[in-house]
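A quick write-up on the structure given underneath.
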Amino acid sequence: MRSHASVMHLDLDAFFASVEQRDKPSLRGKPVVVGGVGGRGVVSTASYEARRYGVRSAMSTREARSRCPHAAFLSPRFHAYRAVSDVVMGLMRELSPLVEPLSLDEAFVDLVAADLPDLEVATVGAVAEELRSRVADATGGLTASVGVGTSKFIAKVASDLDKPDGLVIVPPGAELDLLRPMSVTIIPGVGPATAERLRRAGITTVADLEAVSLDELVRITGRAHGAGLYALARAQDDRPVVPERETKSVSVEGTYDTDLTDRPLMEQLLTRQAGEVAARLKKSGLSGRTITIKVRLHDFTTLNRSTTLPSPTDHAGTIARLARALFADLVEAGDTSGGVRLLGVGVSGLADWIQEDLFGDSLEPEDEPAPDLPDPGLTRRSREGWQPGMDVVHRELGRGWVWGAGRGVVTVRFETARTPAGPVRSYAADDPDLTPWRPDGS
DNA sequence: TCTGGGGTCCTAGGACCC
DNA sequence: TCTGGGGTCCTAGGACCC
């Protein structure tokens, strides 16, 4: 905890809905609900007019419609929100280089890195009001709620105290008086499950939490969580404002209006999602080793299956093939027989380099249909361009595909084994028995 | 016809290595 | 014949956040 209130948290009020009302004057003053409009959609943001009818974020759109049938129900327009967000983040960066966005509509600003005469409450208060006013000017009237305190935790709690269009500064030393009467759910990381466990232990307020020993908290909530709660209950929070964070995973998923049972269709959907993931990886210059599929069944049971390659990939064909193989395992185990409501594909274990960089020249055509048809004009040197997913033929063992490649070694899985977990064989990258497979048999 | 989509972090168990 | 630890990687599931 700092000696001055120098961490600011800014939160744009009812952000998606406010942008819609700004862009469509006929919606101003009326209930607006932004979210999924399909049969299984949920609410992303409700305008304050809609909240009066009990419409909330994360509520099913079906329920929102029944609570507020006359609201305007809109699909999100992310490009518009991103543009507004960029403007607001830019205004904060003019204040301080240390800006940590949490989402399109929220960020922390470290005022220690701002060019201010001092960090007294009056000074940071004036700065915060100035920022709020600039946000409104630059965005066509959007309002922001701002909190300032001695830590991220306090700043975030403060920004929530006077929503919408509010400013709350918690002076140094006032933190515990503020927190103690509040529900434990004010603490980031305390969701429904943790709150229920704490409640069963008789802990409902921050004051209750403060009275519990570290050992007891660890027993109730686990090691990492317990330590975090113990500190936050005492307003101890030294987390820095971090402007850049590394992406850890990239994923695409979709929930379908009716449960799916048609396997070829599901494979097609996974293949398409793999292509979207690959495109996003490439756009970011990323590649990853672990491919994960997510399958949510008709009863909302969620299954994840993953497999890890020896080297990273950003190839649509490779990701798709592995996703389908993982899915095949679930289908063959009978897990999907009751129908599937959601399918997803993700890549994690990201590296900020791609396979091509390791070997110099790449043989792969830029992308789809990718691994199935490598350039026929291979030279010995360029054969180090083996890519995971590429089809190959071994002189004796027949057709297989490249599981991993790197450091002069290529690992091959043969067609007889269908699941990614099965055995593979490794060869020197220039092993003459191994050649790329071509559909004409040449 | 309750329950999105994009993420992050944690836990626990097993494999494997030293 | 009994029986270590620690560390790392991988997989699966779950909680949580906006």
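Below, chain A is the first sequence line, B the second, and so on; all start at residue 1.
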Using a heavy-atom cut-off of 4.0 Å across all strands, would you classify A:K156 as base, sugar-phosphate, or nothing?
sugar-phosphate
A:T308 side chain N/O closer than 4.0 Å to the phosphate oxygens (OP1, OP2) of C:dC9?
no
When you measure from the side chain of A:A224, which nucleotide among B:dT3, B:dC10, C:dT11 comes out closest?
B:dC10
Phosphate oxygens OP1/OP2 of B:dT8: is one of them under 4.0 Å from a side-chain N or O of A:S249?
yes
Proximity to the side chain of A:R341 - top-ranked nucleotide from C:dG13, B:dT3, C:dT11:
B:dT3
Does a side-chain N or O of A:T194 approach OP1 or OP2 of C:dA15 to a distance below 4.0 Å, or not?
no
Could A:E63 and A:R67 be called an ion pair, given the rule that one side-chain N must be under 4.0 Å from one carboxylate O?
yes
C1' gap between B:dT1 and C:dC18, integer Å:
26 Å
To the nearest Å, give me how far apart CZ (A:F73) and P (B:dG4) are.
16 Å
Spacing of the P atoms in C:dC2 and B:dC16 (rounded, Å)
24 Å
Whether A:R296 contacts B:dG4 is assessed here as follows: a side-chain N or O lying under 4.0 Å from the phosphate OP1 or OP2. Is that the case?
yes
Compare side-chain N and O positions of A:K248 against OP1 and OP2 of B:dC9 and report whether any pair is under 4.0 Å apart.
yes
Under 4.0 Å: is that the gap between some side-chain N or O of A:S44 and OP1 or OP2 of C:dC18?
no
Donor-acceptor under 3.5 Å (A:R324 side chain, A:L270 main chain):
no
Picking from B:dG5, C:dC18, B:dT3, the nucleotide nearest the side-chain atoms of A:E106 would be C:dC18
Counting only heavy atoms not in A:E246, do more than 12 fall under 6.0 Å of its CD?
no
Among the candidates B:dT3, C:dT11, C:dG13, find the nucleotide nearest to the side-chain atoms of A:T290.
C:dT11
What is the distance, to the nearest angstrom, from the CZ atom on A:F16 to the C1' atom on B:dG6?
11 Å
Inter-residue atom distance A:K152.NZ - A:R239.CZ, 0.5 Å rounding
6.0 Å
Phosphate oxygens OP1/OP2 of C:dC10: is one of them under 4.0 Å from a side-chain N or O of A:R289?
yes
Distance, rounded to the nearest Å, where A:R197 contributes CZ and C:dC16 contributes P:
8 Å
Residue mapping more 5' on DNA chain B - nearest nucleotide basis, A:V43 or A:R223:
A:V43
Report the residue (A:E246 or A:G39) whose heavy-atom-nearest nucleotide on DNA chain B is the more 5′ of the two.
A:G39
With a non-hydrogen cut-off below 4.0 angstrom, is A:D105 in contact with a base, only sugar-phosphate, or nothing?
sugar-phosphate
Does atom CZ (A:R77) have a neighbourhood of more than 12 heavy atoms from anything else shown, all under 6.0 Å?
yes
Any side-chain N or O of A:R280 below 4.0 angstrom from OP1/OP2 of B:dG7?
yes
